[in-house]
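Bear in mind that the values here come from a model prediction, so they are computed numbers and not experimental data. In what follows, every heavy atom counts, from backbone to side chain, and hydrogens, waters and symmetry copies are set aside.
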Amino acid sequence: MTATPAEPADQTSRRSSPFVRGLQICLGLGLAIAMLGWGLPYFAKTSWAEVFDVLGTVPVWKAALFLALVVAGLYCYTFVMTGAMHGLTHTRALILNVCGSSVSNLLPGGGAVGLAATYSVAKSWGFSVASVTTMAVVTGVWNVLARVALPIIAVLGLTWGATDLPTAMREAAWAAVLSGAAIVALFAVAIGTDGGARMLGRGIDRIVRLVRRRHTDQVERGLTGLRERIADTVRTGWLQMTLGMVGFFGLYYVLFLLCTATTGIELPFGQLFAAYAIGRLLTAVGVTPGGLGVTETGTAAALVAWGADPAAAMAGVVLFSIFTHLMEIPLGAIGWLAWSIMPKASAEERADADAPA
């Protein structure tokens, strides 16, 4: 045998990786279909036939209003992205967001593919790997912190407006507090020490490499030298990013209220917000595309447990998911089309952007 032991192992890895990824996709999609087809009506205590009867009563003008709220929410999120990446316009941020989200919503664990798409699109406009990495890290932290903050706000709302606060909700809030504290601590370590920055950069490189095999360890190398840049981004952009996140989740909550009201759900605002918070937290579950199936089941089960009509609860959750999850796919297609006809940076400009300062 002339080949070294590392060569067969590498070849085996290359042969098995597409199979493993394909298997993960099939399992994730299968789970999403099972959760939507069986789990959602089972836990919501209704049937799809009853749900379709309710959805059939939604007028076209309301559907147009719901779509407008989604676009407005996505525009609010551009303030998060522009606050984290200097030189990024709101139009490009919107395109960058919908392009990455459309890919993420199509595949289980699609965040890796979405991150790779974000790098490709941003680099085509002349942004450096360092700028994209800074934006990806900071916005990722802001997203997670916002999602773990929602259950805490929900508990405060339930405590203020109701006396029958579920124990599970209190436990979820405490878990969110601990998770948020852990995230802040890890983020502080990542931007405060070289070792933490290397660890975080190595993790991002591994995620991107799942999609782009020829991707090198440039994020790890870049992030090690980006600690000051990330700290400066947080220091100067934290208010803009926070307000953008509040606008994004606030408009989506308004959309959730309108969807549930349209299907006939009558519950206190505190309980509706708690159900909304559960759903936003469950979107982080990566076993299905965008948490599809898992998110709807958890949200509908909470609404039914608090006394909502089963058919109305499931229909409201499905209607909300149609606009916040499925509609991002055609919006993403429009984003990719817009990107394809936009001017791109030249090869020299992209090389200059990534050149060491």
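The side-chain heavy atoms of Val80 and Val138, taken from C-beta on, include no pair separated by under 4.5 Å. Put simply, the side chain of Phe320 does not reach to within 4.5 Å of the side chain of His325, judged on heavy atoms. Two residues are said to be in side-chain contact when any heavy atoms from C-beta on lie closer than 4.5 Å; Arg92 and Met81 fail this criterion. Contact annotation: the side chain of Met135 approaches that of Leu96 to within less than 4.5 Å [non-hydrogen atoms, C-beta and beyond]. In this structure the side chain of Thr91 reaches within 4.5 angstrom of the side chain of Ile95, judged on heavy atoms. Contact check for Thr89 versus Thr82: no side-chain heavy atoms found under the 4.5 Å cut-off.
Of all non-hydrogen atoms in Thr133 and Tyr119, the two that sit nearest each other are OG1-OH, 2.8 Å. Between Ala308 and Ile265, the shortest heavy-atom distance links the atoms CB-CG2, 4.0 Å. Scanning all heavy atoms of the two residues, the minimum distance from Thr78 to Ala93 falls at CB-CB, 3.8 Å. In plain terms, the two heavy atoms of Ala136 and Leu115 that are nearest each other are CB-CD1, 3.9 Å. When all heavy atoms of Thr139 and Ala84 are compared, the closest pair comes out as CG2-CB, 3.8 Å. What you find for Thr295 and Gly279 is that their closest heavy atoms are CG2-O, 3.2 Å.
Taken from CG in Leu303 to CG in Leu272, the straight-line distance is 6.5 Å, to the nearest 0.5 Å. Between the CG atom of Leu145 and the CG atom of Leu150 there is a distance of 11.0 Å, given to the nearest 0.5 Å. Between the CZ atom of Phe248 and the CG atom of Leu243 there is a distance of 15.0 Å, given to the nearest 0.5 Å. Atoms OG1 and CE, from Thr118 and Met85 in turn, are 8.5 Å apart once rounded to the nearest 0.5 Å.
Donor-acceptor pairing under 3.5 Å is lacking for the side chains of Glu328 and Ser102. Side chain to side chain, Ser128 and Ser131 meet the donor-acceptor criterion of an N or O pair below 3.5 Å.
No single ILVMFWY cluster, assembled from side-chain heavy atoms under 4.5 Å apart, contains both Phe273 and Val246. One hydrophobic cluster holds both Leu258 and Phe269 under the rule that ILVMFWY side chains link at heavy-atom gaps under 4.5 Å. Grouping the Ile, Leu, Val, Met, Phe, Trp and Tyr side chains by contacts below 4.5 angstrom, directly or via other members, places Phe79 apart from Val254.
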Side-chain donor-acceptor contacts of residues 51-77 below 3.5 Å, not counting sequence neighbours, with atom names and distances?
residue, atom, partner, partner atom, Å
Thr57, OG1, Val54, O, 2.5
Lys62, NZ, Thr262, OG1, 3.3
Tyr77, OH, Asn143, ND2, 2.4

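A salt bridge between Asp232 and Arg229 is absent, with no side-chain N of the basic residue lying under 4.0 Å from a carboxylate O of the acidic one.
Ring planes of Tyr253 and Phe256: parallel class, angle under 30° (limits at 30 and 60°).
A side-chain donor-acceptor contact under 3.5 Å links Tyr276 to the backbone of Phe249. Under a 3.5 Å cut-off, the side chain of Lys123 and the backbone N or O of Val121 do not form any donor-acceptor pair. Panel note: side chain Ser321, backbone Val317; no donor-acceptor pair is recorded below 3.5 Å.
A salt bridge (Lys or Arg N to Asp or Glu O under 4.0 Å) check over residues 80-89, counting only residues at least two apart or in different chains, returns nothing.
The ring-ring contact (aromatic ring centres under 6.0 Å, His included) test applied to Trp336 returns Trp339, not counting sequence neighbours.
By the neighbour-count criterion of 12 heavy atoms within 6.0 Å, atom CD of Glu266 is sparsely surrounded, having that number or fewer from other residues, nucleotides or ligands.
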